[in-house]
Amino acid sequence: MAKELKHVVAMDDNYSQWYNNLVVKAGLAENSAVRGCMVIKPYGYAIWEKMQRALDQMFKDTGHENAYFPLFIPKSFFSKEANHVEGFAKECAVVTHYRLKNADNGQGVVVDPDAKLEEELIVRPTSETIIWNTYKNWIHSYRDLPILCNQWANVVRWEMRTRLFLRTAEFLWQEGHTAHATREEAVAEAEKMIGVYEKFATEWMALPVIVGHKSENERFAGAEDTLTIEALMQDGKALQSGTSHFLAQNFAKAFDVTFTNKEGKQEYVWATSWGVSTRLMGALIMAHSDNNGLVLPPKLAPIQVVLIPIYKGEEELSAITSKLDEIAAQLRAAGLSVKIDDRDNVRSGFKFAEYELKGVPVRLAMGPRDVQNGTIELVRRDTLEKENVPQEGLVARVSALMDDIQSNIYKKALDYRNSMITKVDTYDEFKKVLKEKGGFISAHWDGTVETEERIKEETKATIRCIPLDVEPEEGKCILTGKPSHHRVLFAIAY
RNA sequence: CGGGGUGUAGCGCAGUCCGGUUAGCGCAUCUGCUUUGGGAGCAGAGGGCCGCAGGUUCGAAUCCUGUCACCCCGACCA
């Protein structure tokens, strides 16, 4: 086990400490001087950038364009959609003044009471209100529709308790906001985008997710329907990893956004919004990592292959590095991101441990023996299997290994996830599984808010989703015994 | 906002109960030598308003009062 992590906590010992420690030690992020806010370090940001790029391309492939809307939202905009305010009111940062002045006692600065804003500004916790206030001016006719915009931004939600990547006071995300002429088109858009998220999670993050509808309780404030992708972490807790909302005409009505249809009649516009955040980083870390550190899927790894020389003295070093340079050039030509670590102030063993901590998918080490034999040592991060392979054909081998690792860690996560879905038919069983095993629990529910809330109060478990592919099945609610027509998925969530 | 805890070197900590040499240890840093196929060894060096402000005392990291900050557990939440 990595020395950096050794004196701390193993995954099975205290999962959240293990997670926090890993994030810091692997150089992804750390807590900042500002309470609840996070500094994303270069290595962590490099992963986020890869995610951004892939997602952005997927949005463009589905016809979306990027735009940018203001950070500040006038307070009055907020109160226009009743459910929306209620959902966010308790966690908003509010700007009340626009100027500081020197303190009277000469010590530091104070807020200038004369510089009070007429109307307070809210730092966006999400942008529906400012965007729909803008869309009002953009939309007049059915010919102006649809509008398919996305913005990459930061938002602020003043959370009481925060955790690196999973919940921070400020976080980075993208939010798509679309406007449509018909209900059908908007519903289809919301479904399409949750599909994009599912594809991204599966293909890029190697993260299996369950797609489904949120229950009324868990729905986005102001939505008529919320679609979600739910992932399972290695401690058996669920993580909501992305959402796509069908907003019906709620925001159009709140901001009076209408258009003239082909028949010349005024109609309210239909809307969707959808987003994923830096929380995905948390999902990525928690889904695949082990006690040696991160395990990154090759598609998102900032460094895909690291080359390490093993040597005694200058002479060997120069012989080996020139060989490594050659190999690195070939790997780069094949489109791989490669790093040669020729630092001479740390030994090779230290480097091995360090790149395991950082989750680099493939490590190649070359020493004098290899130079002589025309071989190289190859270690894959996901299994830590070590083999000596010929230098000849190395590029093809490593390229193939990238795909192999990508699919292997997906399969591993999928097998685990599937083994953690348990069907139960009684409340006692439900509580027992929740306590002893965790994971998703598939159970019957009578469909009422009251039942869900009581289960939450008594067990902390919530309905994560009603899966899209749920099969009709007659049964009885585990709590009330009332009739139910299909199962839903419960879990304790982050 | 309730309950608990912690502030001592860049990081992690001991010392505080019971006041008393020059405030100590590990990691990291720097220098030198020896090492180098899984987190090197030895020798030496640098680095501190002991969170901050008062007070008690001949004497305070240690006792008292106040204050600030952070962490953990709850309620809230992508």
Side-chain angles (χ1 to χ4, degrees), chain A residues 1-8 14 16-17 20-21 24-25 30-37 86-92 107 125-126 154-175 197 214 217-221 226 228-231 238-245 273-283 292-293 308-317 320 342-357 363-373 375-377 379 384 386 388 456-457 460 462 464 493-494:
Chain A
M1 191 192 295
K3 189 182 172 187
E4 306 289 340
L5 288 170
K6 205 188 287 177
H7 66 280
V8 198
N14 182 330
S16 70
Q17 273 187 45
N20 203 66
N21 204 251
V24 174
K25 297 280 177 180
E30 59 194 25
N31 281 310
S32 77
V34 182
R35 190 192 170 282
C37 292
E86 206 182 309
F88 287 101
K90 281 183 278 184
E91 54 186 35
C92 286
Q107 308 216 325
T126 179
N154 57 340
V155 289
V156 169
R157 296 183 188 175
W158 210 261
E159 302 291 352
M160 292 305 179
R161 289 188 59 199
T162 58
R163 271 151 82 46
L164 292 169
F165 288 119
L166 297 180
R167 185 173 307 108
T168 45
E170 178 191 5
F171 56 93
L172 306 181
W173 77 347
Q174 59 67 218
E175 44 182 328
Y197 291 154
K214 281 293 184 189
N217 251 5
E218 300 281 323
R219 207 174 277 159
F220 176 75
T226 290
T228 177
I229 51 171
E230 295 286 325
L239 183 73
Q240 177 175 314
S241 306
T243 47
S244 178
H245 315 290
S273 68
W274 28 273
V276 293
S277 71
T278 34
R279 175 177 258 205
L280 288 179
M281 293 284 295
N292 290 323
I308 298 171
I310 298 164
Y311 60 94
K312 290 179 199 160
E314 288 291 318
E315 214 171 291
E316 274 186 12
L317 176 61
I320 292 169
D342 57 359
R343 281 178 297 172
D344 60 359
N345 59 332
V346 290
R347 307 166 112 213
S348 47
F350 183 92
K351 295 177 187 174
F352 296 165
E354 188 177 18
Y355 292 105
E356 275 160 23
L357 179 61
R363 180 176 84 231
L364 298 169
M366 183 182 278
R369 281 208 302 268
D370 296 303
V371 175
Q372 245 174 13
N373 304 337
T375 57
I376 194 162
E377 183 185 85
V379 182
L384 291 176
K386 193 181 283 189
N388 278 292
K456 183 180 179 182
E457 253 169 56
K460 290 183 183 172
T462 49
R464 298 326 300 158
Y494 274 99

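Keep in mind that the numbers below use all heavy atoms, side chains included, and drop hydrogens, waters and symmetry copies. In what follows, chains carry the letters A, B, and so on, assigned in the order in which the sequence lines appear, proteins first and then strands, with residues in each chain numbered from 1. Worth saying up front: this structure is predicted, and the values here are computed from it rather than measured.
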Short N/O separations, protein against nucleotides 43-47 of chain B, under 3.5 angstrom:
none

Atom CZ of A:Arg219 to atom C1' of B:A78: distance rounded to whole Å? 17 Å

Given atom CE of A:Met281 and atom C1' of B:A78, what is their separation to the nearest angstrom? 15 Å

What is the nucleic acid contact for A:Lys214, judged by heavy atoms within less than 4.0 Å: base, sugar-phosphate only, or nothing? nothing

Categorize A:Arg363 for me: base, sugar-phosphate, or nothing, with a 4.0 angstrom heavy-atom threshold over every strand shown. base

About how many Å separate OG1 of A:Thr278 and CG of A:Asn154, when rounded to the nearest 0.5 Å? 10.0 Å

To the nearest angstrom, how far is A:Tyr197 atom OH from B:A78 atom P? 15 Å

Atom pair distance, as rounded to whole Å: CZ in A:Arg157 and C1' in B:C76: 13 Å

Keeping A:Arg279 on the side-chain end and A:Leu166 on the backbone end, is there a donor-acceptor pair under 3.5 Å? yes

If we take the C1' atom in both B:U6 and B:G12, what is their distance in whole Å? 14 Å

For A:Gln17, does its backbone N or O pair with a side-chain atom of A:Asn21 as donor and acceptor, under 3.5 Å? no

Touch check for A:Thr162, heavy atoms < 4.0 angstrom, all strands: base, sugar-phosphate only, or nothing? nothing

Quick one: CE on A:Met366 to CD1 on A:Ile320, what's the gap to the nearest 0.5 Å? 7.5 Å

May I ask you to say what A:Leu166 touches in the nucleic acid, namely base, sugar-phosphate or nothing, with a heavy-atom cut-off under 4.0 Å? base

Spacing of the C1' atoms in B:C33 and B:A14 (rounded, Å): 33 Å

A:Asn217 CG to B:C76 C1': how many Å, rounded? 14 Å

Determine the Euclidean distance between corresponding P atoms of B:G7 and B:C13; express it in Å to zero decimal places. 9 Å

Any donor and acceptor pair, going by atom type alone, linking the side chain of A:Arg157 with main-chain N or O of A:Glu91 inside 3.5 Å? no

Using the C1' atom as the point on both nucleotides, what is the distance between B:G74 and B:U65, in whole Å? 30 Å

Roughly how many Å is it from CD in A:Glu457 to C1' in B:A75, rounded to a whole number? 12 Å

Can you confirm whether A:Asn292 sits close enough to A:Leu384 that some side-chain heavy atom of one is under 4.5 Å from a side-chain heavy atom of the other? yes

How would you label the contact of A:Glu356 with the nucleic acid (heavy atoms, under 4.0 Å): base, sugar-phosphate, or nothing? base

Is it true that a side-chain atom of A:Lys351 and a backbone atom of A:Arg343 form a donor plus acceptor pair closer than 3.5 Å? yes

Residue closer to the 5' end of RNA chain B, A:Ser16 versus A:Phe220 (nearest nucleotide): A:Ser16

Separation of the C1' atoms in B:G15 and B:C25, to the nearest angstrom: 10 Å

Taking only residues two or more places apart in sequence, or in another chain, which ones meet A:Arg464 in a salt bridge (Lys or Arg N to Asp or Glu O under 4.0 Å)? A:Glu218, A:Glu230

Residues passing the ring-ring contact (aromatic ring centres under 6.0 Å, His included) test with A:Phe88, sequence neighbours excluded, are A:His84, A:Phe220

Mind checking the CD-CH2 spacing from A:Gln174 to A:Trp274? Nearest 0.5 Å is all I need. 6.0 Å

When you compare B:A9 with B:A23, how far apart are their P atoms, in angstrom units rounded to a whole number? 14 Å

Could you tell me the separation between the CG atom of A:Leu317 and the CG atom of A:Asp344, rounded to the nearest 0.5 Å? 7.5 Å

A:Arg163 vs A:Ala493, nearer the 5' end of RNA chain B by closest nucleotide: A:Arg163

Roughly how far apart, to the nearest Å, are B:U62 and B:U21 at atom P? 14 Å

Can you list everything that forms a ring-ring contact (aromatic ring centres under 6.0 Å, His included) with A:Trp173? Sequence neighbours excluded, please. A:Phe171

When rounded to the nearest 0.5 angstrom, what is the spacing between OH in A:Tyr311 and CG in A:Asp342? 7.5 Å

Distance, C1' atom - from B:C71 to B:G51, rounded to whole angstrom: 15 Å

Give me, pair by pair, the N or O atoms of the protein and of nucleotides 32-37 of chain B that are less than 3.5 Å apart, along with how far apart they are.
{"unit_1": "B:U35", "atom_1": "O2'", "unit_2": "A:Arg347", "atom_2": "NH2", "d": "3.4"}
{"unit_1": "B:U35", "atom_1": "O2", "unit_2": "A:Arg347", "atom_2": "NH2", "d": "3.4"}
{"unit_1": "B:U36", "atom_1": "O4'", "unit_2": "A:Arg347", "atom_2": "NH2", "d": "3.2"}
{"unit_1": "B:U36", "atom_1": "O2'", "unit_2": "A:Tyr311", "atom_2": "O", "d": "2.9"}
{"unit_1": "B:G37", "atom_1": "O6", "unit_2": "A:Gly367", "atom_2": "O", "d": "3.3"}
{"unit_1": "B:G37", "atom_1": "O6", "unit_2": "A:Pro368", "atom_2": "N", "d": "3.1"}
{"unit_1": "B:G37", "atom_1": "O6", "unit_2": "A:Arg369", "atom_2": "N", "d": "2.5"}
{"unit_1": "B:G37", "atom_1": "O6", "unit_2": "A:Asp370", "atom_2": "N", "d": "3.3"}
{"unit_1": "B:G37", "atom_1": "N1", "unit_2": "A:Asp370", "atom_2": "OD2", "d": "2.6"}
{"unit_1": "B:G37", "atom_1": "N2", "unit_2": "A:Asp370", "atom_2": "OD2", "d": "3.1"}

Which part of the nucleic acid, if any, lies within contact of A:Tyr494, taking any heavy atom under 4.0 Å across all strands shown: a base, the sugar-phosphate backbone alone, or nothing? nothing

Tell me if a side-chain donor or acceptor on A:Glu354 pairs with a main-chain N or O of A:Phe350 at a distance below 3.5 Å. no

If you write RNA chain B from 5' to 3' in dot-bracket form, with Watson-Crick or G-U pairs under 3.5 Å, [ ] for crossing pairs and | for pairs with another strand, what do you get? (((((((..((((......[...)))).((((((.....)))))).....(((((..]....))))))))))))....

Side chain of A:Val379 (C-beta onward), nearest among B:G39, B:G38, B:A78: B:G38

Of all the choices, B:G38, B:A78, B:G39, which nucleotide is nearest to the side chain of A:Gln240 once you look at every atom? B:A78

Starting at atom CG of A:Asn345, determine the distance to atom P of B:G39, rounded to an integer number of angstrom. 16 Å

NZ of A:Lys456 versus C1' of B:G74: gap in Å, rounded? 13 Å

